[in-house]
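The block underneath contains the structure these notes are about, expressed in structure tokens.
FYI, side chains are in, hydrogens and waters are out, and symmetry mates aren't considered; it's all heavy atoms of this structure. Quick caveat: nothing in here was measured; it's all calculated off a predicted structure. Below, chains carry the letters A, B, ... as their sequence lines are ordered, and counting in each starts from 1.
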Protein chains: 2
Amino acid sequence: MARPRTFDEAGALDAAMRVFWANGYEATSTHDLCVATGLGRSSIYNTFQSKHELYRRALAHYIDTMTTRQLTLLDDAERSPLERLRALFADVVQQEVEVRRGGRSLGCLVVNATVEQSGRDPEAAGMLERDLARRLAALRTVLAAGQRSGEVTSQQDPEALARFVTAVIGGIRVSGQGGAEPASLESIAQTALAALVA
Amino acid sequence: MARPRTFDEAGALDAAMRVFWANGYEATSTHDLCVATGLGRSSIYNTFQSKHELYRRALAHYIDTMTTRQLTLLDDAERSPLERLRALFADVVQQEVEVRRGGRSLGCLVVNATVEQSGRDPEAAGMLERDLARRLAALRTVLAAGQRSGEVTSQQDPEALARFVTAVIGGIRVSGQGGAEPASLESIAQTALAALVA
DNA sequence: CACATTATGAACCGTTCGGTTCAATACGAG
DNA sequence: CTCGTATTGAACCGAACGGTTCATAATGTG
């Protein structure tokens with residue numbers, strides 16, 4: 001056969017994802033990607049075709065990890081709908097605290113990409129739209145279940161409440177990037193949750 | 001004396017602000033700034049020193065316009081605290097609808113700068129921190145007044161509620177950039193407001 | 001052990017970047 | 001009218017950009 005790779009493609013993708021997450025697309029140079037992944041330029045271009053394609057795959061990798069995790073929380077049949085929502089908020093806050101560097105969080109790559117790229121890169125915009133649709137659908141389901149069981153307010157329909165939850169989560173992410181303390185993020189989540197109870 | 005300017009510095013600054021708002025800092029080239037302002041390179045560098053300094057001034061200009069407008073709404077002695085908060089949310093939603101291009105909003109330059117620059121540009125981070133502090137202070141005041149008059153829930157202290165309002169506004173902005181319909185943004189604001197009433 | 005095949009790093013490519021220089025120009029004060 | 005000053009656009013600068021080329025090195029297979 002031929003000479004085998006000496007690096008792990010999945011590991012390189014994960015490293016690239018973290019660079020895009022921390023710096024955004026435009027501020028990340030191909031040199032940055034080489035340093036972060038430990039690969040040479042030709043290995044990167046051999047494996048991922050272009051910076052843009054690597055970004056696409058990094059974003060897909062992030063979405064896959066993050067949304068899978070959140071949908072798992074929202075589908076947890078062991079908990080009541082409200083408990084699942086509480087778990088979702090707790091997960092978001094915890095994650096914001098975990099990715100803190102120098103007093104600020106890195107936020108969420110999905111939010112960062114929405115802000116930086118959705119108006120400029122139709123391909124990224126499409127990925128973000130499909131991801132949002134999945135998350136909204138899962139939220140609508142759990143919110144509707146909560147309304148049926150009487151735990152969740154019926155003052156608005158599940159679609160509106162799902163949009164609200166999504167917006168608050170995005171707001172928590174931006175607040176974390178703005179330097180808000182973990183306790184502040186928790187209180188935001190708590191206020192949002194209180195708004196959802198019947 | 002000497003040869004006078006043929007352009008309006010304030011107008012050029014406003015045009016530059018819109019480019020940074022739409023494209024972000026990194027994706028905006030000095031050529032883009034020349035086209036948007038109608039100035040030549042030397043005029044831009046004569047007047048604003050550098051791309052970074054022009055960004056700083058553009059961000060300051062945005063903050064000045066936006067926060068002044070919001071603080072005016074929050075300080076309106078003619079309205080009750082809750083009505084002021086309602087007016088603030090309405091203003092945010094209306095603005096998101098107004099700056100829609102190609103089905104998505106441009107969001108808010110303050111949010112965009114927080115996401116793109118706060119972890120990378122300490123000067124921008126400082127401006128954003130000071131602006132956030134001003135907005136939080138105004139919100140605390142009106143929320144505390146609402147609690148005294150019984151309009152606003154006392155389940156959380158004014159600081160926590162102010163953080164919540166700020167987060168939801170940021171979330172509305174990101175949702176607008178993600179392509180949410182105006183009606184969705186309105187329902188988010190409505191849900192947030194409902195969470196604030198006693 | 002030799003071959004076919006792939007990975008790799010260094011050197012290279014044209015372009016664009018942010019920024020500067022400079023000669024030509026335009027104007028108000030004297 | 002002239003002089004000094006400031007503005008302007010075009011030409012220019014070195015550096016960094018994303019991306020390619022290519023000679024070299026490394027390997028499983030026959």
> In terms of ring plane angle, is the pair A/Y25 and A/F20 parallel, tilted or perpendicular, where the classes change at 30° and 60°?
Replying inline: parallel

> Phosphate oxygens OP1/OP2 of D/dA26: is one of them under 4.0 Å from a side-chain N or O of A/T6?
Replying inline: no

> So what does A/F48 touch, heavy atoms closer than 4.0 Å: a base, only the sugar-phosphate, or nothing?
Replying inline: nothing

>> Donor-acceptor pair, distance only, cut-off 3.5 Å: does the side chain of B/E83 make one with the backbone of B/S80?
In response: yes

> Within the structure, does a side-chain N or O atom of A/S43 lie under 4.0 Å from either OP1 or OP2 of C/dT8?
Replying inline: yes

>> If I take atom CD from residue B/Q70 and atom CG from residue B/D75, how far apart are they, to the nearest 0.5 angstrom?
In response: 11.5 Å

> Can you tell me how far P of C/dC27 sits from CZ of B/F7, to the nearest Å?
Replying inline: 15 Å

> Are B/L185 and B/V165 grouped together when hydrophobic residues (ILVMFWY) are joined by side-chain heavy atoms under 4.5 angstrom apart?
Replying inline: yes

> Using a cut-off of 4.0 Å between protein heavy atoms and nucleotide atoms, how would you tag nucleotides 18-23 of chain C 5' to 3' with B, S and -?
Replying inline: BBBB--

>> Please check: side-chain N/O of B/N46 versus main-chain N/O of B/S43, any donor-acceptor pairing under 3.5 Å?
In response: no

>> Distance check needed: D/dA25 P versus A/R5 CZ, whole Å only.
In response: 21 Å

> In whole angstroms, how far is the P atom of D/dC22 from the CG atom of A/N46?
Replying inline: 14 Å

>> In this structure, how many angstroms lie between the C1' atom of C/dC17 and the CG atom of B/D32, rounded?
In response: 11 Å

> Would you say the side-chain atoms of A/Q95 pair up with the backbone N or O of A/G107, donor to acceptor, closer than 3.5 Å?
Replying inline: no

> How sharply is the helix from C/dC1-D/dG30 to C/dG30-D/dC1 bent, taking the axes over five pairs at either end and rounding to 10 degrees?
Replying inline: 0°

> Other hydrophobic cluster members with A/L136, side-chain heavy atoms of Ile/Leu/Val/Met/Phe/Trp/Tyr under 4.5 Å, chained?
Replying inline: A/L132

> Could you state the interatomic distance from CG (A/L109) to CZ (A/R18), rounded to the nearest 0.5 Å?
Replying inline: 11.0 Å

